[in-house]
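Written below as structure tokens is the structure these notes are about.
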Amino acid sequence: MKPPGVRLLEFRDVTVDYSTARGWVPAVRGVSLTLDAGQTLGLCGESGCGKSTLAMSVLRLLPRTARIGGEILVGGRDVTSLSWGALRALRWADASIVFQGAMHSLNPVQRVGDQIAEALELHRAGASGGPVRRRVAELLEQVELPARRALAYPHELSGGQKQRVMIAMALACDPDLVIADEPTTALDVVVQAQVLNRFGALVRDRGIGLVMISHDLSVLAATCERVAVMYDGLIVEEAPSAKLMADPQHPHSKALAAAFPIVGDPASRRAPRSATAPAADRVPPTVQGNGHAAVAEAVAAAGAEAGAEAGGESAGVLAAEDLKVTFPVRGGGSVRAVDGVSLSCRPNEIVALVGQSGSGKTTLARCLLGLQQPVSGRVTYGGQPLPTSSRGLKAYRRVVQFVLQDPTSALNPRHTVYESVAEGLRIHRVPGDERELVAQALAKAELRPPEKFFQALPHELSGGQRQRVVIAGALALEPTFLVADEPVASLDASVRGEILALLMRLRDELGLGALVITHDLGLAWNIADRVVVMYRGKIVEEGSVEQVLLAPRHEYTKLLISVLPQSASGPPPPARS
């Protein structure tokens, strides 16, 4: 444990440039910051502003195309001049990092417990066997994962569980300096609160220095003493977090502070939904099939637009009826990921599906797309079961599009942005000028000017920009329904607002229906017409946004609201009579 006041990290006029076909492009421009033992520093800014580049430069993890200028001192040593051997000794032991993309930071063919143990075995002399296993179990329990999950492979964990494994790995060797790049993006609010409390305890009890990078100022305000706002590679404002939240000075800081909705604040609710949208119930709805025409194999075989013949009260309704999905567990037995779920999503309606990591939300979404087969129950669209033929599913998946949770895995690393967005247009033979359609889709996702991104590869984009490319690919086909798994989790505040406004505009103007899976109750308050709460594979509460978030009935819903960062939650819910 370092005594307070010991300088752990110092940036001295740091610059980072990337070599591109257009020459050297600046990503970080003259940043100077300090961090002492027992201090917390938040770094906030829009996607592509240089936050992650700055974080990766501390441990010299940038690609060979990067050029670092200035000095970066870790424990008094300038890492820009360290040998590779000295760097290897410093990483994980003295300074560690929680990477932004947990889904790609874990080895897919190695059990997660072995990956945590690797850092211990490399940096602790003689560490092996039972003591290492006990330490791994302790670390997993600290991030609210059972010790048995050490035997799991990454693909057997949810996105939030992978994120927790990364946090456990970063804390394994008790480093003095921890850099956390969006460490709670994939976490539900309960685990987010636990992780933030854990970081706070490490700072308080062990005197570590913590650099927290996030798009969400409410998370930084709840965790960090100071916050630095970054814009276009520059630090444009630095202040105590409470002062920055209460009285931001720079225009970009003001925009960030105002961007995130406050649950319970009427001013944070966007325009009300169309009067034609149906009212919500407080219990899972039933679906009336009654043989209404819908997307079916016969429709696809006839070459008609999927859903064009749908009629009656079930037209365009995407529904799950008593769905059950189980997965085998290593060592025997099974876990029920979705347990008797019934849910309907209507046109001209945005439904927010919220719940903790591992509650079954993404599994349910995959069922709705026909990507996961339930052991019982069924999925219907317009009152009819999903098609079973490849031709029928192709027609169905044009009108019901999926925005995947992890944009990096969703994009082919060898395809340019243009190829990624154009692929769907080609598969479905959408008429029109392809170049113009791709440009329109990118512009809708706020990638402007679109031509600038045509030839870019995924690794050349920030996390938020990759997310927008995935959204553009879905919107290019002009779907009637969108299943979006954490669609704005990695987006900065300004783009997040633009994407959410786009979803609402498509809902109101084109009748788009959307199921938005999110950990973010503020997002649900901001745009949803209805909120569905999922817990341990079941739907435990459902109703209008005001009903669920201001007058929750289920204990789990109450817990979700109680652990929101103070700056993201409004006044306490009114007492029930």
_Glu486 side chain vs His519 backbone, donor-acceptor pair below 3.5 Å_ = yes
*Any side-chain donor-acceptor pair under 3.5 Å between Tyr18 and Thr53?*
yes
*Between Leu500 and Asn526, does a side chain to side chain contact (heavy atoms under 4.5 Å, CB included) hold up when you go through it step by step?*
CA-CA 9 Å; Leu500 296 180; Asn526 193 208; 3.7 Å; yes
*What is the minimum heavy-atom distance between Lys361 and Thr518, and which atoms define it?*
CE-O, 4.4 Å
*Between CG of Leu210 and CG of Leu35, what distance do you get to the nearest 0.5 Å?*
8.0 Å
*Given the rule in the side chain to side chain contact (heavy atoms under 4.5 Å, CB included) test, do Leu502 and Glu446 qualify, once you have shown the distances and angles that lead to the verdict?*
CA-CA 10 Å; Leu502 171 64; Glu446 301 299 332; over 6 Å; no
*Going by heavy atoms in the side chains, are Ile208 and Leu177 under 4.5 Å from each other?*
no
_Return the CD1 to CE distance between Ile179 and Met56, rounded to the nearest 0.5 Å._
10.0 Å
*Scan for ring pair (Phe, Tyr, Trp, His ring centres under 6.0 Å) pairs involving residues 219-250, sequence neighbours excluded, and state none if there are none.*
Tyr231-His252
*asked:* Test your reading of the model: is there a side-chain donor-acceptor pair from Thr223 to the backbone of Val219, 3.5 Å cut-off?
replied: yes
*Taking it one step at a time, do Ser32 and Asp13 satisfy side-chain hydrogen bond (donor to acceptor under 3.5 Å, both in side chains)?*
CA-CA 5 Å; Ser32 294; Asp13 196 26; 5.0 Å; no
*Passes salt bridge (Lys or Arg N to Asp or Glu O under 4.0 Å), Asp247 versus Lys254? Steps please.*
CA-CA 8 Å; Asp247 186 26; Lys254 293 178 180 178; over 6 Å; no
_For Glu237, all residues meeting salt bridge (Lys or Arg N to Asp or Glu O under 4.0 Å), sequence neighbours excluded_ = none
_Inter-residue atom distance His459.NE2 - Thr408.OG1, 0.5 Å rounding_ = 12.0 Å
*His554 vs Val533 side-chain heavy atoms within contact, under 4.5 Å*: no
*Do you see a donor-acceptor pair shorter than 3.5 Å between the side chains of Thr362 and Asp485?*
yes
*Using atom types as modelled and distance alone, determine if a side-chain donor or acceptor of Ser83 lies under 3.5 Å from a backbone N or O of Ala86.*
yes
*Can you find a pair of side-chain heavy atoms, one from Ile167 and one from Phe199, that are under 4.5 Å apart?*
yes
*asked:* When you measure from the side chain of Arg91 to the backbone of Arg60, do you find a donor-acceptor pair of N or O atoms at a distance under 3.5 Å?
replied: yes
*Where do Arg466 and Leu461 come nearest, in terms of heavy atoms and distance?*
NH1-O, 2.7 Å
*asked:* Salt bridge check, Arg29 against Asp17: does any charged N sit closer than 4.0 Å to a carboxylate O?
replied: no
*Which one of Arg226, Arg204, Glu225 satisfies the side-chain contact (heavy atoms from CB on, under 4.5 Å) criterion with Thr40?*
Glu225
*Separation between CG of Leu202 and CG of Asp176, rounded to the nearest 0.5 Å*: 11.5 Å
*Pick out which of Ile116, Val143, Leu139 makes a side-chain contact (heavy atoms from CB on, under 4.5 Å) with Val165.*
Ile116
*Does Ser241 reach the main-chain N or O of Cys224 with its side chain, forming a donor-acceptor pair under 3.5 Å?*
yes
*So, for Val79 and Val58, which heavy atoms are closest and what is the spacing to 0.1 Å?*
CG2-O, 3.3 Å
*Might you confirm whether atom CZ of Arg536 has over 12 heavy atoms from other residues, nucleotides or ligands at distances under 6.0 Å?*
no
*Under 3.5 Å, is there a donor-acceptor pair linking the side chains of Thr80 and Asp78?*
yes
*Between Val112 and Tyr153, which heavy-atom pair has the shortest distance, and what is it?*
CG1-C, 4.4 Å
*4.5 Å side-chain heavy-atom contact, Arg366 and Thr363*: no
*Over 12 foreign heavy atoms within 6.0 Å of CZ, Arg111*: yes
*Of the non-hydrogen atoms in Gln110 and Gln115, which two are nearest, and what is the gap between them?*
O-NE2, 2.9 Å
_Within the structure provided, determine whether Leu9 and Ile72 are in side-chain contact (heavy-atom separation under 4.5 Å)._
yes
*Atom pair CD/CH2 of Glu118 and Trp92 - distance to nearest 0.5 Å*: 9.5 Å
*asked:* To the closest 0.5 Å, what do you measure between CG (Asp36) and CZ (Arg7)?
replied: 4.0 Å
*Does CZ in Arg448 sit with more than 12 non-hydrogen atoms of other residues, nucleotides or ligands closer than 6.0 Å?*
yes
*Between the main-chain N or O of Cys44 and the side-chain N or O of Lys51, is there a donor-acceptor pair closer than 3.5 Å?*
no
*If we only count heavy atoms from C-beta on, is the Leu43 to Met212 side-chain gap below 4.5 Å?*
no
_Under a 3.5 Å distance rule, please check whether Glu460 uses its side chain to pair with a backbone N or O of Leu457 as donor and acceptor._
yes
*Shortest non-hydrogen contact from Ala246 to Pro248?*
C-CD, 3.7 Å
*Check against side chain to side chain contact (heavy atoms under 4.5 Å, CB included), Leu171 and Ser96*: CA-CA 8 Å; Leu171 301 178; Ser96 66; 5.7 Å; no
*asked:* Taking the side chain as everything from C-beta on, heavy atoms only, tell me whether Asp94 gets closer than 4.5 Å to Leu8.
replied: no
*Quick one: are Met230 and Val28 in side-chain contact, heavy atoms under 4.5 Å?*
yes
*Checking side chain to side chain contact (heavy atoms under 4.5 Å, CB included) for the pair Trp24/Ser19: CA distance, chi angles, key distance, verdict?*
CA-CA 5 Å; Trp24 290 98; Ser19 176; 3.8 Å; yes
